[in-house]
There are 2 protein chains.
Amino acid sequence: MARRHIQARERLLEAARDVVRAKGFSATSIDDLCRSAGVTKGAFFHHFRSKEDLGVEAARFWAETTSELFANAPYHQPADPFDRLIAYLEFRKLLLAGEVPEFTCLVGTMVQETYDSAPAIRQACDATITGHAMTLVPDIQAAMAACGVTGTTAESLALHTQAVLQGAFIMAKARGSAEIAADTIDHLIRYIRLLFNTPTPEEIRQ
Amino acid sequence: MARRHIQARERLLEAARDVVRAKGFSATSIDDLCRSAGVTKGAFFHHFRSKEDLGVEAARFWAETTSELFANAPYHQPADPFDRLIAYLEFRKLLLAGEVPEFTCLVGTMVQETYDSAPAIRQACDATITGHAMTLVPDIQAAMAACGVTGTTAESLALHTQAVLQGAFIMAKARGSAEIAADTIDHLIRYIRLLFNTPTPEEIRQ
DNA sequence: AATTACATACCAACCGGTCGGTATGTTTGG
DNA sequence: CCAAACATACCGACCGGTTGGTATGTAATT
């Protein structure tokens, strides 16, 4: 039965992605994951040494799948790096669809519960977030050079975009709605337009 | 023994504030809280119907104590509402002292774990965050009128500041350092200066 | 034949919550 | 003024269920 080959591991990682985003890492039991993945505990401990190990692997799995999503996304099409940066943020707004657990960030959720008690998970989450932020740096750097923006660095601005997105997710969870998240991304877009001195007049001011 | 009078409830709320910020809500057991507060389980269930009830009360306790802190803070001194807004954000940067669990937000931590499973906690956290944001609205509104800022609302901008702060805390947890949080607040300050068209030239650009 | 990929059965520790009880006020009726 | 009646604040043993994790067995793949 080649169909079952290595299937349990991936099904467990997908279950972790879905269940942890809804219930959080600590509140998600190994039995929850096995039930959701349709496998047994034996399968779980065949593929993962511990729950903490699953957390690390889930963060890596998240990094893999999302980086694939972003690599194939249409926001790379614009010729101008600044336009690509704006297109990226508009794309992040487009992703705010469905229920809250469906569009929020797995690693942002996990790191908040584990940063003090599970260093390996913290590190994996940090690598995932920072790694994604760094994919934005070349475009930001080029746009900064083109527009003559100084006073900050491309790395700092890239990390700031991720901070705003993480904050947007928390607000969406508190409000129980994606609206506030889109609104806060709009503020981020407005900031970047102002910083690069290319505001769209009708949507900024006066 | 009047010394022990009514003390247990407050000690448990303080323990919740400290332990939950470090370990998260789900990972914090009632026994953890009792141990940290130096009381017994009997005392816990005398004052709180359930763990969820404690979560709600902890959010309210957080709202009370922090609103007292902010009410007495020096950022209200500037005569100009815009300057007060900037002073508020500088004050938030000053609060980023000590270890990560000491400066992060209790309700931001709690709501991420409970928004789907404990509606009462979600609501209490939302009320706390939104309530604090609304204290900023009068100054933002006055500053917007004075500077002629349009294209957004004072409420939206106030909520955005809280989103950025929450995101800053997540990044600090991921990185294990407050530095990134201060950096992202600086971006927020830069945004607000640009939006209100009163940049400090040397710290913005050119 | 050996390794991989699971399934089943089980365990000790821990979980949130209950319950009978005690010590210390506070109210009230004579 | 005092004592019975009641309320509040707290104690800690205990309960059934769940937890992360293990030990052992078995079927499929190589």
Side-chain angles (χ1 to χ4, degrees), chain A residues 1-17 19-20 22-59 61 109-110 113-114 116-122 124, chain B residues 1-17 19-20 22-59 61 109-110 113-114 116-122 124:
Chain A
M1 204 193 284
R3 198 120 34 89
R4 206 170 72 194
H5 195 66
I6 208 77
Q7 217 182 36
R9 186 188 139 93
E10 192 145 337
R11 288 175 62 83
L12 281 165
L13 290 172
E14 286 167 1
R17 176 195 63 200
V19 181
V20 169
K23 311 202 335 178
F25 184 75
S26 300
T28 299
S29 70
I30 293 175
D31 282 332
D32 283 339
L33 295 174
C34 293
R35 209 175 305 126
S36 172
V39 303
T40 61
K41 229 167 183 177
F44 182 96
F45 281 99
H46 175 71
H47 290 287
F48 307 102
R49 267 163 295 156
S50 63
K51 193 187 175 188
E52 177 170 350
D53 183 40
L54 166 97
V56 171
E57 294 305 316
F61 180 71
T109 302
M110 272 205 299
E113 294 179 69
T114 58
D116 210 39
S117 47
I121 296 181
R122 198 224 93 237
Chain B
M1 206 188 289
R3 196 127 30 92
R4 209 166 67 194
H5 198 66
I6 207 73
Q7 221 182 32
R9 187 188 139 92
E10 192 144 339
R11 288 175 61 82
L12 280 165
L13 291 171
E14 287 167 359
R17 176 195 63 199
V19 181
V20 170
K23 311 203 337 177
F25 183 75
S26 300
T28 298
S29 72
I30 294 174
D31 282 330
D32 282 340
L33 296 174
C34 293
R35 209 174 306 125
S36 172
V39 305
T40 61
K41 225 163 182 180
F44 182 96
F45 282 99
H46 174 72
H47 291 288
F48 308 101
R49 267 164 295 152
S50 62
K51 194 187 173 186
E52 177 168 351
D53 183 40
L54 165 97
V56 172
E57 295 304 316
F61 180 71
T109 301
M110 272 204 301
E113 294 179 69
T114 57
D116 209 40
S117 48
I121 296 180
R122 197 224 94 236

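What you see below is based on every heavy atom in this structure, not just the backbone, and it leaves out hydrogens, waters and symmetry mates. Worth saying up front: this structure is predicted, and the values here are computed from it rather than measured. In what follows, chains are A, B, ... by sequence order, proteins preceding strands, each numbered from 1.
- Contact between the side-chain N/O atoms of His46(B) and the OP1/OP2 oxygens of dC10(D) is not found at any separation under 4.0 Å.
- Ser29(B) comes within 4.0 angstrom of the backbone, heavy atoms only, and of no base.
- Spacing between atom CD of Gln7(B) and atom C1' of dC11(D) amounts to 16 Å, rounded to whole angstrom units.
- Inter-residue side-chain proximity for Phe48(B) and Leu13(B) is flagged as met; some heavy-atom pair is nearer than 4.5 Å.
- At a threshold of 4.5 Å between non-hydrogen side-chain atoms, the residues Glu52(A) and Ile121(A) count as touching.
- One atom, CZ of Arg11(A), and another, P of dA5(C), lie 16 Å apart when rounded to the nearest Å.
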Identify all pairs in which a protein N or O lies below 3.5 Å from an N or O of nucleotides 17-19 of chain C, and state each distance.
from    : atom 1 : to       : atom 2 : distance (Å)
dG17(C) : OP2    : Lys51(B) : N      : 2.9
dG17(C) : N7     : Lys41(B) : NZ     : 3.4
dG17(C) : O6     : Lys41(B) : NZ     : 2.9

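- Residue Ser26(A) is out of contact with every strand shown, counting any heavy-atom pair closer than 4.0 Å.
- Nucleotide dG16(C) holds its C1' atom 11 Å from the CZ atom of Phe25(B), rounded to whole Å.
- Residue His47(B) has a polar side-chain atom (N or O) positioned under 4.0 Å from OP1 or OP2 of dC10(D).
- Applying the side-chain hydrogen bond (donor to acceptor under 3.5 Å, both in side chains) rule to Thr28(B) yields no partners; only residues at least two apart in sequence or on another chain are considered.
- Partners of Arg35(A) under the salt bridge (charged side-chain N to carboxylate O under 4.0 Å, His left out) rule, at least two apart in sequence or in another chain, are Asp32(A).
- Between Glu113(B) and Phe25(A) there is no side-chain heavy-atom pair separated by less than 4.5 Å.
- Under 4.0 Å is where a charged nitrogen must lie from a carboxylate oxygen, and between Lys41(B) and Asp31(B) at least one such pair does.
- At whole-Å resolution of the value, CZ in Phe48(A) and P in dT19(D) are 18 Å apart.
- What separates CG of Leu33(A) from P of dT18(D) is a distance of 16 Å, to the nearest Å.
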